Amino acid sequence: MNNTSRHCLSLLTNCKTLKTLKQIHASLVKTGHHSDPFFAGKLILHCAVTISDALHYACRFFLHFPKPDVFMYNTLIRGFSESGFPQNSVFTFIDMRRKSMVPPDSFSFAFVLKAAANYGSFIAGIQLHCQALVHGFDTHLFVGTTLISMYGECGSVYFAKKVFEQMLEPNVVAWNAIVTACFRCGDTKGARKLFDMMTFKNSTSSNVMLAGYAKSGEMELARKVFWEMKVKDDVSWSTMIVGFAHNGCFDEAFGYFRELRRLGLRPNEVSLTGVLSGCAQAGAFEFGKIFHGFIEKSGFNWITSVNNALVDMYARCGNVGMARLVFQSMPHKSVVSWTSMIEGLAMYGYAEEAVEVFHEMEGCGIRPDWITFVSLLYACSHAGLIKQGCSYFSRMKDVYDIEPTIEHYGCMVDLYGRAGYLQKAYDFVCQMPISPNVIIWRTLLGACSIHGNVELGEKVKERLSELEPNDSGDNVLLSNIYAVAGKWKDVATLRRSMTDQKIKKSPGWSMIEVDRTMYSFVAGEKSNKTTAEAYEKLKEIILTLRIEGGYVPEVASVLHDVEEEEKEDSVFKHSEKLAVAFGISRLCKGRVIRIVKNLRICRDCHTVMKLISKVYGLKIAVRDRSRFHLFNDGSCSCKDYW
DNA sequence: TTAGGGTTAG
């Protein structure tokens with residue numbers, strides 16, 4: 001290789017943007033390197049794999065190339081697969097064999113099988129398996145392992161085991177692959193059996209077990225394997241931390257993170273995104289801030305995934321301003337960063353801002369993906385932007401060629417339903433090209449509950465009962481619809497049938513962080529000291545609100561047909577009221593009160609929060625199951641539309 | 001070629 005060639009190669013390797021890539025391409029043409037498959041292959045590799053928005057450039061270049069070799073084909077197959085177009089990988093593989101008569105090598109199979117695994121296509125996978133048989137690659141170590149992993153992803157542990165059994169001398173990687181496949185297909189016992197049978201294990205083998213147990217929610221078994229491991233690498237630690245966070249064990253996640261630091265080990269970006277995700281789910285703002293400080297100090301603040309997790313954490317912990325600051329200071333923003341910001345703003349009802357961010361994103365040349373549109377439509381539905389919502393729904397298909405998924409349809413049902421166009425929402429569901437799932441019907445039932453439509457509510461509940469007969473939430477929603485309409489007989493019948501079928505209402509809980517401890521309150525629970533303290537404070541607050549704020553309890557949605565006074569008593573037990581009372585009693589003045597709740601906030605609690613914010617001059621952030629409510633000076637950021 | 005992470009409608 002001469003100096004010019006070496007220079008071209010180094011330019012290609014360091015190229016980061018499509019613009020410089022085009023310049024390098026031009027210089028390759030000048031020097032005559034462009035028709036050399038080696039350089040052409042490298043060029044495509046960088047277009048397709050390294051630079052996110054340059055795949056189309058790679059395709060154009062590839063199509064005009066006179067005789068692409070197997071390396072070029074493999075690169076394009078890999079590029080399609082890694083950029084989220086797995087079907088195109090398969091088409092390219094077929095083209096390679098049929099049109100160009102280029103025989104595939106082991107890499108071609110490995111890449112294309114990974115693509116088939118990515119979109120979980122068992123049919124494509126089995127056809128590729130046949131091809132591998134024809135070319136004699138099925139017992140090849142690399143290809144065999146990818147086949148096992150593909151069958152695992154496609155849910156066929158039977159075929160995965162068959163491939164494994166036919167391998168002549170499976171190495172530790174193949175063993176790890178078959179254990180992973182068992183876990184993916186839910187065969188936890190099979191995975192354990194194979195793990196115990198392994199004569200040689202590497203650190204990945206144990207990490208596979210940790211990940212498998214963590215994904216099946218078996219954290220105790222994961223913990224056992226973890227502490228039995230002689231050498232724990234950073235993947236082992238991050239698997240545990242993330243595993244705990246995903247299984248709702250936030251204290252454990254934070255504990256393992258602390259232990260990791262106590263041992264003098266440096267956490268990696270995966271552990272950090274894991275703990276941040278834990279903070280986001282739990283609403284642990286103070287913890288989140290500590291991790292942010294650590295991230296700044298230890299230089300993780302240039303990593304996009306860590307910043308994305310920070311944006312999400314701040315948004316979900318009630319501080320969308322900080323989420324914005326982190327977002328603005330990010331050195332590089334991916335589609336996930338933009339989507340997280342849109343989603344964050346949408347949760348607060350700041351739909352106009354969310355739409356603005358979306359247009360800014362388009363202006364930067366970032367292509368939105370299907371999740372971006374879910375967030376954007378969510379923003380519109382939660383703020384009553386019906387026209388815009390409809391227009392983005394069609395824009396998604398017409399401009400970006402993104403096929404709407406059940407999630408997008410769900411947003412549209414919510415958009416119409418929440419705004420009161422119940423018949424339109426119902427017709428929309430009936431005309432959907434995808435068959436509606438429980439969530440779609442539940443969204444519609446929720447809308448019927450907001451707008452008090454008994455007739456449609458009953459019709460929708462019937463459909464829900466066919467799909468999921470024993471859901472407590474659905475029964476409670478219908479019961480509320482009856483209660484608001486004053487149909488106490490129907491309420492009683494429904495509640496009797498719930499008792500008969502042993503359907504229990506899931507209790508409402510709220511959490512609040514005080515002095516870096518998370519306190520949780522459950523509706524009606526009076527067993528401990530903190531709850532007693534909260535009840536005492538709440539009594540005093542309610543009295544103040546009655547005198548100074550003119551508060552009258554809204555008890556319409558209380559289930560039973562009982563006396564008004566009893567109904568009042570029942571709404572005073574709501575967990576978010578207890579949490580806010582506890583916050584007022586314990587937190588120093590001037591601090592924002594942040595509450596996380598598992599159910600939707602009720603109308604009476606919403607009123608109380610608004611009044612507290614005015615009478616006590618406090619800012620309160622309540623995250624309910626679906627969105628944020630920021631109470632300040634007597635009003636809420638949701639503009640009472642939720 | 002095997003293991004860990006961020007955004008997903010109610």
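Per chain, numbering begins at 1; letters A, B, ... match sequence-line order. Computed from heavy atoms alone, side chains included, the values below leave out hydrogens, waters and symmetry copies. Predicted, not measured: the structure shown is a model, and the values here were computed from it.
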Among [options], the nucleotide that comes nearest once only the side chain of [X] is considered:
X	options	value
A:Val173	B:dT2, B:dA9, B:dG4	B:dT2
A:Asn437	B:dA9, B:dT1, B:dG6	B:dA9
A:Thr180	B:dA9, B:dT2, B:dG4	B:dT2
A:Cys411	B:dG10, B:dT7, B:dA9	B:dA9
A:Ala211	B:dA3, B:dA9, B:dG6	B:dA3
A:Val336	B:dT8, B:dT1, B:dT7	B:dT7
A:Asp312	B:dA9, B:dG6, B:dG10	B:dG6
A:Ile439	B:dG6, B:dA9, B:dT8	B:dA9
A:Asn171	B:dT8, B:dT1, B:dG4	B:dT1

If you look at every strand shown and take non-hydrogen atoms under 4.0 Å, does [X] touch a base, only sugar-phosphate, or nothing?
X	answer
A:Val242	sugar-phosphate
A:Val208	sugar-phosphate
A:Arg627	nothing
A:Ser334	base
A:Thr239	sugar-phosphate
A:Ile406	base
A:Trp338	nothing

Any [X] side-chain nitrogen or oxygen under 4.0 Å from OP1 or OP2 of [N]:
X	N	answer
A:Lys215	B:dA3	no
A:Arg418	B:dG10	yes
A:Arg184	B:dT2	no
A:Lys333	B:dG6	no

Using whole Å, what does the distance between atom [atom2] of nucleotide [N] and atom [atom1] of [X] come to?
X	N	atom1	atom2	result
A:Leu377	B:dG10	CG	C1'	15 Å
A:Trp175	B:dT1	CH2	P	22 Å
A:Trp441	B:dG10	CH2	C1'	14 Å
A:Ile434	B:dA9	CD1	P	15 Å
A:Ile601	B:dG10	CD1	C1'	17 Å
A:Asn207	B:dT1	CG	C1'	17 Å
A:Glu343	B:dG6	CD	C1'	12 Å
A:Met219	B:dG4	CE	C1'	12 Å

We want to know whether [X] and [Y] form a side-chain donor-acceptor pair, criterion being a heavy-atom distance below 3.5 angstrom.
X	Y	answer
A:Asn202	A:Asn176	yes
A:Ser334	A:Ser337	yes
A:Glu407	A:Thr405	yes

Assess whether one donor atom and one acceptor atom, taken from the side chain of A:Thr273 and the base of B:dG6, lie less than 3.5 Å apart. no
What residue among A:Lys161, A:Arg192, A:Lys193 forms side-chain hydrogen bond (donor to acceptor under 3.5 Å, both in side chains) with A:Asp187? A:Lys161
The test is side chain to side chain contact (heavy atoms under 4.5 Å, CB included); show your working for A:Arg324 and A:Gln328 and say whether it passes. CA-CA 6 Å; A:Arg324 252 212 142 117; A:Gln328 279 160 355; 4.1 Å; yes
Could you check A:His359 against A:Glu362 for side chain to side chain donor-acceptor pair (under 3.5 Å), going step by step and ending with a plain yes or no? CA-CA 5 Å; A:His359 289 299; A:Glu362 281 185 311; 3.3 Å; yes
side-chain contact (heavy atoms from CB on, under 4.5 Å) against A:His135, all qualifying residues, sequence neighbours excluded: A:Arg97, A:Pro104, A:Phe109, A:Gln131, A:Phe137
Contact residues, residues 198-206 of chain A to DNA chain B [heavy atom, < 4.0 Å]: A:Thr204
What residues form a ring pair (Phe, Tyr, Trp, His ring centres under 6.0 Å) with A:Phe291, not counting sequence neighbours? A:Phe254, A:Phe257
Kindly indicate, with the supporting measurements, whether the criterion side chain to side chain contact (heavy atoms under 4.5 Å, CB included) is fulfilled by A:Ser277 and A:Val242. CA-CA 8 Å; A:Ser277 148; A:Val242 171; over 6 Å; no
